[in-house]
Structures are given as structure tokens and as C-alpha cells.
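What you are looking at is a predicted structure, and each value in this text was computed from that prediction instead of being measured.
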Amino acid sequence: MQEVGLRWYGPFDIDDIYDLDFDVLDDYGFYMFLYRDEIVYIGQAYYQFIRDRIKQHLRGDSVWEWIKENYNIEQISIKIATIEYMGQKRVSKQLFNDIESLLIITQEPPGNIQNTKTYWGRDLKITNLGKYKPLPRTLTTDMI
């Protein structure tokens, strides 16, 4: 089983994504939109920085439009994560896909429509570090 550690930061207000001088936003990683303590959507930024990916949503893509229709956006916050450690030397797109898929399939956020039923990735254990709540500390493929 491959082990990965994700270091979570936040929560941040939506406006913070534009203004916050925080280096982690300018890295590759993962993010989740939260409504109070409910995970609404989980995403990843592999080929671009987390800040840029979130800004794409906020410009009005289908995910953000769905969130605006179903939630009070004044109460939406964002948490972000980067990989702190992993069982391999190189971060690959497939590893990012596997992590995102395991997060989605175990947490079932209502805003995600892909990776919700079947997990096709590697045998994986994610340890969530930092400000990871409402995620559990550990997620594994054994939970599926």
C-alpha cells in the first residue's frame, strides 16, 4: 500500500484566494470547498497552481454555478493541501488522480460528479495532516 501525507491549510474565505500572500496557494495540490463543516466539492491542481485552479471556478464554471445555486456563498470557505510525503520520488498525474479519487469516493461531496462510484487507482493510504477537519485523519482504499 502506498502512503501519502497531505498537509491541509485553511479555512480561507473566497476573497483570500485573490489577496492572500501564502506560498502554498502557488503550488500544486488539492482543495475543497466547504459550507460550514460540510465538504461540498473536492478538486486538484496538478498542471497549474492551486490559486489559479480555484480562480477558474470562481470565474463561473459549472461547479461554482452549482455551488451558488445550492449554498449561501457567503458561508463558503476553502481548504487547500499539498503533498507532504509519498512513497515515491516523483509526483505523477496518476498519483494526483488516485488521491483525488479516494478523497471523493470516501467523502461523497455533493458537488463532485466524477470518481463517485468506482475506484480504479492503486492501493493507497492517505494521512491528513494540519487543518484537515472535516476529513478523517486517515483514508485508505480498504474503506471502499
Side-chain angles (χ1 to χ4, degrees), residues 1-68 71 73 75-144:
M1 178 175 289
Q2 183 171 351
E3 295 189 23
V4 174
L6 296 181
R7 172 73 58 186
W8 288 92
Y9 302 90
F12 302 106
D13 291 333
I14 298 298
D15 293 338
D16 290 342
I17 299 305
Y18 293 99
D19 303 327
L20 190 64
D21 184 22
F22 187 53
D23 291 344
V24 175
L25 284 166
D26 297 320
D27 202 349
Y28 303 147
F30 302 88
Y31 58 93
M32 56 183 164
F33 287 109
L34 300 164
Y35 177 73
R36 298 181 183 154
D37 288 329
E38 173 192 351
I39 300 171
V40 173
Y41 180 83
I42 295 172
Q44 64 160 297
Y46 179 71
Y47 291 115
Q48 59 191 320
F49 296 139
I50 297 168
R51 182 189 319 263
D52 295 336
R53 181 66 187 108
I54 292 170
K55 284 180 180 179
Q56 286 176 353
H57 288 303
L58 300 180
R59 282 194 287 267
D61 71 2
S62 60
V63 169
W64 188 244
E65 291 303 317
W66 180 86
I67 290 171
K68 287 184 349 186
Y71 297 91
I73 60 169
Q75 296 182 8
I76 296 291
S77 61
I78 300 170
K79 287 195 176 184
I80 60 172
T82 56
I83 295 176
E84 184 154 302
Y85 65 85
M86 61 189 161
Q88 64 189 52
K89 293 184 184 211
R90 195 168 150 261
V91 178
S92 67
K93 176 66 174 161
Q94 188 58 53
L95 177 60
F96 261 62
N97 289 343
D98 292 349
I99 292 168
E100 180 189 37
S101 182
L102 184 57
L103 288 168
I104 291 169
I105 206 162
T106 58
Q107 301 310 295
E108 301 177 333
N112 288 91
I113 57 173
Q114 295 180 342
N115 299 320
T116 60
K117 303 288 183 220
T118 306
Y119 179 80
W120 299 101
R122 70 193 80 198
D123 203 17
L124 190 60
K125 175 183 178 183
I126 299 172
T127 301
N128 292 300
L129 307 164
K131 298 185 176 187
Y132 60 87
K133 296 288 183 179
L135 292 170
R137 173 91 166 144
T138 304
L139 297 167
T140 69
T141 48
D142 296 335
M143 300 169 79
I144 301 173

Report task. Find out whether Tyr47 and Tyr28 are in side-chain contact, i.e. whether some heavy atom of one side chain is under 4.5 Å from a heavy atom of the other. Result -> no
Query raised in the report: Heavy atoms, side chains only, cut-off 4.5 Å: are Ile39 and Leu103 in contact?
Result: no
Query - Min side-chain heavy-atom separation Tyr9-Thr82 under 4.5 Å - result: yes
Report summary line: Rounded to the nearest 0.5 angstrom, the CZ-OH distance for Arg7 and Tyr85 is 9.5 Å
Report task. Kindly indicate whether the side chain of Leu135, heavy atoms from C-beta on, has any atom under 4.5 Å from the side chain of Met32. Result -> yes
Report task. Could you please spell out the steps behind the side-chain contact (heavy atoms from CB on, under 4.5 Å) verdict for Trp64 and Ile14? Result -> CA-CA 12 Å; Trp64 188 244; Ile14 298 298; 3.9 Å; yes
**Report entry** Side chains of Gln107 and Leu139 in contact at under 4.5 Å (non-hydrogen atoms)
**Finding:** yes
Report summary line: Closest non-hydrogen atoms of Thr140 and Leu102, given as atom of the first, atom of the second and distance, are O-CD1, 3.8 Å
Report task. Only pairs at least two apart or in different chains count here, so list each ring pair (Phe, Tyr, Trp, His ring centres under 6.0 Å) that has a residue in residues 103-123. Result -> none
Query raised in the report: Under a 4.5 Å cut-off applied to non-hydrogen side-chain atoms, are Ile76 and Tyr41 in contact?
Result: no
Requested in this report: Not counting sequence neighbours, list each pair that qualifies as a salt bridge (charged side-chain N to carboxylate O under 4.0 Å, His left out) and has a residue in residues 24-48.
Outcome: Asp26-Arg51
Query raised in the report: Do other residues, nucleotides or ligands put more than 12 heavy atoms under 6.0 Å from Ile113 CD1?
Result: no
Query raised in the report: Between Tyr46 (side chain) and Asn97 (backbone), is there a donor-acceptor pair under 3.5 Å?
Result: no
Requested in this report: Output, in order, the C-alpha distance, side-chain angles, deciding distance and verdict of side-chain contact (heavy atoms from CB on, under 4.5 Å) for Leu6 and Ile83.
Outcome: CA-CA 5 Å; Leu6 296 181; Ile83 295 176; 3.8 Å; yes
Query raised in the report: Does Val63 offer a backbone N or O that forms a donor-acceptor pair with the side chain of Asp61 under 3.5 Å?
Result: yes
Requested in this report: Decide yes or no on side-chain contact (heavy atoms from CB on, under 4.5 Å) for Gln44 and Ile99, but give the supporting numbers first.
Outcome: CA-CA 9 Å; Gln44 64 160 297; Ile99 292 168; over 6 Å; no
Query raised in the report: Can you name the nearest heavy-atom pair linking Trp8 to Tyr132, along with the distance?
Result: CD1-CB, 3.6 Å
Query raised in the report: If every non-hydrogen atom of Gln2 is compared with every non-hydrogen atom of Arg122, which pair is closest and at what distance?
Result: OE1-NH1, 3.0 Å
Requested in this report: Look only at the side chain of Lys125 and the backbone of Met1, and say whether a donor-acceptor pair between them is shorter than 3.5 Å.
Outcome: no
Query raised in the report: For Tyr71, what residues pass the ring-ring contact (aromatic ring centres under 6.0 Å, His included) criterion, not counting sequence neighbours?
Result: Tyr35, Trp66
**Report entry** Closest approach of Ser101 to Thr118 (non-hydrogen atoms, all atoms of both residues)
**Finding:** OG-O, 4.4 Å
Query raised in the report: Below 4.5 Å, heavy atoms only, C-beta onward: do Met143 and Ile105 meet side chain to side chain?
Result: no
Query raised in the report: Parallel, tilted or perpendicular: which fits the ring planes of Phe33 and His57, with parallel below 30° and perpendicular above 60°?
Result: perpendicular
Query raised in the report: Looking only at atom types and distance, does a side-chain atom of Arg137 sit under 3.5 Å from a main-chain N or O of Asn128, one as donor and one as acceptor?
Result: yes
